[in-house]
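Nothing here was measured: the structure is a model prediction, and the numbers come from that model. In the text below, chain A, chain B and the rest are named by the order of the sequence lines, each starting its count at 1.
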Amino acid sequence: MSSDILAKGYEPQEVERRWYAYWEKEGLFAAEDVSDKKPYSIVIPPPNITGVLHMGHAHNNTLQDILCRFRRMQGYNVLWMPGTDHAGIATQNVVEAELAKEGKNRHSLGREEFVKRVWHWREEYGGLIIKQLKRLGASCDWERERFTMDDGLSAAVKTVFVKLYEEGLIYRGDYIINWCPRCQTALSDLEVEHEEHNGHLYYIRYPLENGKGAIVVATTRPETMLGDTAVAVNPNDERYRKLEGKIVILPIMNRPIPIIYDEYVETAFGTGALKITPAHDRNDFEIGLRHNLEAIKVIAEDGRMNDRAGRFQGEDRFECREHVVKALKKEGLIEKIERYQHSMGHCQRCRTTVEPYLSKQWFVKVKPLAEKAIAAVQTGSTRIIPETWTNTYFEWMNNIRDWCISRQIWWGHRIPAWTCETCGELIVATEPLQACPACKGTSLAQETDVLDTWFSSALWPFSTMGWPDEIQALKVFYPTSVLVTGFDILFFWVARMIMMGLHFMKEVPFRDVYIHALVRDAEGKKMSKSRGNVIDPLYVIDEFGTDAFRFTLAAFAAQGRDIKLSEERIEGYRHFINKLWNASRFSLVHLKDFQPDYFRKDAKHLSLADRWILSRLNGTTETVTRAIGEYKFNEAASALYQFVWHEFCDWYLEIIKSVLYRKNKVEAHGRTKTTKPGDYETTRFVLWSVLSEILRLLHPFIPFVTEEIWHKLPDTEGSIMKAEFPTTNPERHDAEAEASMELVMGITSGIRNIRGEMNVAPSLRADAVVHSPDKGVRGALNEHQDIIVNLANLKTLEVMAPGERPASCAASVVGESTIFVSLKDIMDFGAEQAHLAKEIAKIGKELEMVEKKLSNEDFLQKAPQEVVEGVRDKRQRLVEKKNKLEDQLSTVSQIAADV
RNA sequence: AGGCACGUAGCUCAGGGGGAGAGCGCUACCCUGACACGGUAGAAGUCGCGGGUUCAAAUCCCGCCGUGCCUACCA
């Protein structure tokens, strides 16, 4: 494109739409299955098809996109694998709600029709979040988009299931699981969320069979007593010694149940006697196994009492609780009721109180898999970053329990198992069989349960790449380079991927796991619909532009700290985008008709400012490259912010204006000053180079605006996505230039400071004098005095060895130099005295601390020599500065007195 | 109950044994030809509290307080 001048204001909407379409059309997101380039791969944490883009997605995917764009520009063959998750329970709930509005339910539809309906829903709405990710600028290889229920992934799921079953790592059995009576399905331990709840502890008297007294048990769930099959006490509990072998009569049910002895019972809790309901409590179940107790289910799948609950049949479990207590009270069997706070499990999807429930389910035997997964992190095959999460990972993995993977819903991967209706044989196979291998019977009933959604997610890193087939992509891109995710799914997903990856691929699924923080509201509260404090990413994008949004997320992404987001903060970074836009606009005006090839050969006579900005650019490139490599996105972002705004814009552009304008026949401030021939073109060359590299450094963070400007920049070809990410160049590092510029900037700021303090009108071009004892410093200042004159708005600047104090001026000390700004008619001696006194006081404080240090014998002896020397130097500098300021003060006071 | 993280300027946070930093906000002045979504200058912090290690602690260690989160089978 030609070097058009940029529009006055940056308009994100139009620019974003245009460039995203261009990137897609040009296939710039595509990974190569065969390539000489080094591979770099990331699999996206697949968002739920029911999801709409929220802040968590926005943050998560922005970071991934930064990594992918960065590596692509560095020349890697990047695969960012996208896709979505079928989200079993969540999606089923959504479609069921839709049906309910039509007065239907899934049972009236039947399984097959219902599943069809969900697929329809998915076709219609399931792609929404993908569209939203595109607005975020996500550079996924969309050609490869996968879905956890598509054919390939379903094949992977079946293969894994069958293999694990054959290896004895999947089994079916009757155990206590978490049951959601509303969703009517089993849940894994992880899908249950515990919350503190104000309940009661009921003390219930169970009379002894022999009529001689009773034993009192304490429980929070009286309704489960209907299914009690024992009362347990601790064998070491003196109080209950003599009850050995005794029988109690279970109230209401009038069922004789034994008193048993089990170490599990805590003597200190309640009465030290525990009612045992093996069918409705995990621990009771285990005690029941040890003592061969019957397990009586009294609650049905819908949370209502069943036929084993006697006269309470049909009542809701909580309603039943009240009625049981009432009945017990009536019989005088309630000893007391205490208020009691305890935690209760809730269904992650619908918040219903979860019921511990005895039922036949499928489980994964996790221990053997977990051991290898622990080792992988211990040995560093996979690194978890920040490291602090490894503790959490180990903690969980060491205490892991078997994973209940069967769900009694219809939307999901149906378990590939059949039961022979003739002989009862259980058959597990990837494809349906014609006949039972045991009895040759042909009446085979497929398992109706589906798998936990996370079962298919666990295979994501290799199932998306074509496994179990031997696919080229798998060879190139597995293991993936990094997984970027929030800690909330460390166990659900990350740990399980590591286990499955190791088991089936014999290799970890990712080298790094980068765990990022949560996005919260401005007060640090979790964003939630019910709180009403959510900020919609799409609103933010519309309002401020994607780039401002992305840069904000990156700038706040400090490791280990949550992001508190507010519109105000995003607005701040919109200003940065605008600043870049305008700096580019300025640059492009002056790069009109610029032909870099000519100057590339001849770019020799670099000015101080040129050498300085190139050196600083080099340092910034180094910082940014290192920081992204270490996942320190905030460091990279703030280094760029600092460089672009405060070095490039504030100083470099301001300095080169005099060169650029003169050549344009514009006399800056009406002054003309000769510069060496070729300066103009050299400056343009440096300006062009620096801007070009700034755009490339920023592109991973703010892809749209950088692409837009890139196409206006002379001598660029095609997309900035294909441009090389800047590399550091030792030749550009120029300590001397940085030192000289620091001197020049220091003197400039010093003069500006005096002007500000002494209320010199900004329009007034003042005269200034610098006294400097160092010949080198004088030389440098003389050489670059045009910079100071322009930026401090001076008429004249005189640099000389310390000598007589110029008349009617305010003074300040910078380094070894003393600066004088002539004030003539506007000299205010009182103000100058105050100004100097303030400076002296500041130095005095610093000096005091330094003196204290140097008077400490231990410090002088024990501290490293260079530290001691450093402090001595500092004292020297402070003393000199103080003396100079005091001289000035006494002179000014003298003059003030004379006047 | 156990574990983890955090407490630094009014706000949001970097930093992490020897000179307290940034952004926003605030104050003053300035519509100077890229940008008022801007410029220049300025004010502002016993780095949560107490102890310890050290010549030296915001920084390392211990305790406490506060905040947030995670894990847990005391009914």
Side-chain angles (χ1 to χ4, degrees), chain A residues 5-6 8-10 176 194 201 217-221 224 232 264-266 268-271 273-277 281-286 340 342-343 356 386 388-389 391-392 395-396 399 487-488 490-491 517-518 520 522 524-526 548 555-556 558 560-566 568-569 571-590 632 634-635 638 641-642 646 649-650 653-654 657 661 664 666 668-669 749 752-757 759-763 791-793 846 849-850 853 856-864 866-868 870-871 874:
Chain A
I5 306 312
L6 294 183
K8 170 111 181 157
Y10 173 57
I176 294 276
H194 294 270
L201 191 58
V217 299
T219 180
T220 54
R221 304 197 57 198
T224 62
Y264 168 78
V265 183
E266 297 275 340
F269 189 90
T271 60
L274 174 64
K275 66 189 249 349
I276 302 297
T277 323
D281 183 282
R282 191 188 301 274
N283 301 306
D284 290 7
F285 176 75
E286 277 160 25
Y340 185 66
H342 61 115
S343 79
T388 169
W389 287 105
N391 291 331
T392 313
E395 178 67 21
W396 189 70
N399 298 304
F487 61 82
D488 47 335
L490 180 61
F491 306 139
L518 241 54
R520 298 170 177 282
K525 296 206 178 68
K526 213 167 170 169
F556 281 108
R561 197 189 277 259
D562 288 344
I563 297 178
K564 292 185 195 169
L565 200 67
S566 68
E568 235 182 5
R569 279 160 211 161
E571 199 181 350
Y573 285 100
R574 184 181 60 179
H575 296 169
F576 175 68
I577 305 297
N578 193 252
K579 188 73 178 176
L580 174 70
W581 179 262
N582 277 291
S584 303
R585 191 163 163 252
F586 169 82
S587 304
L588 292 174
V589 167
H590 292 285
K632 292 181 176 171
N634 61 318
E635 280 182 26
S638 58
Y641 185 100
Q642 167 68 25
H646 298 303
C649 291
D650 287 353
L653 291 186
E654 292 304 324
K657 272 179 183 173
Y661 278 125
N664 279 349
V666 178
H669 305 294
S749 298
R752 285 167 169 176
N753 173 280
I754 295 174
R755 297 182 61 122
E757 294 278 316
N759 293 315
V760 177
S763 55
L791 298 192
N793 195 25
E846 267 189 86
M849 303 227 315
V850 171
K853 230 175 208 178
N856 183 343
E857 271 304 313
D858 284 329
F859 172 70
L860 297 177
Q861 275 176 22
K862 294 183 186 169
E866 63 266 28
V867 173
V868 177
V871 177
K874 190 179 176 188

Using a 4.0 Å heavy-atom cut-off across all strands, classify A:Lys874 as base, sugar-phosphate, or nothing.
sugar-phosphate

Under 4.0 angstrom, heavy atoms only, what part of the nucleic acid is A:Glu757 near: base, sugar-phosphate, or nothing?
sugar-phosphate

Closest nucleotide among B:A75, B:C37, B:G42 to the A:Thr219 side chain
B:A75

Which listed nucleotide (B:C73, B:A20, B:G38) is nearest to the side chain of A:Tyr264?
B:C73

Name the nucleic acid region contacted by A:Asp281, choosing base, sugar-phosphate or nothing; use a 4.0 angstrom heavy-atom cut-off, strictly under.
nothing

Mind calculating the distance between NZ (A:Lys657) and C1' (B:U32) to the nearest angstrom?
8 Å

Distance test, side-chain N/O of A:Lys853 to OP1/OP2 of B:G19, below 4.0 Å:
yes

Ignoring backbone atoms, test whether A:Arg752 places a side-chain nitrogen or oxygen under 4.0 Å from the OP1 or OP2 oxygen of B:A41.
yes

Within less than 4.0 Å of OP1 or OP2 of B:G42, is there a side-chain N or O belonging to A:Asn753?
yes

Produce the list of close N/O pairs, under 3.5 Å, pairing protein atoms with atoms of nucleotides 22-29 of chain B; give distances to one decimal.
| unit_1 | atom_1 | unit_2 | atom_2 | d |
| --- | --- | --- | --- | --- |
| B:G23 | OP1 | A:His646 | NE2 | 3.2 |
| B:G23 | O3' | A:Tyr641 | OH | 3.4 |

Determine the contact category for A:Asn391: base if any of its heavy atoms lies under 4.0 Å from a base atom, sugar-phosphate if only primed atoms, P, OP1 or OP2 are that close, otherwise nothing.
nothing

Helical stems, RNA chain B - three or more consecutive Watson-Crick or G-U wobble pairs below 3.5 Å:
B:1-7 with B:65-71, B:10-13 with B:21-24, B:26-30 with B:38-42, B:48-52 with B:60-64

Tell me whether the NZ or CZ atom of A:Lys579 lies within the 45° cone about the ring axis of A:Tyr641 and under 6.0 Å from its centre.
no

Remember a base hit wins even if backbone is also touched, and classify A:Val265 as base, sugar-phosphate or nothing at under 4.0 Å, heavy atoms.
base

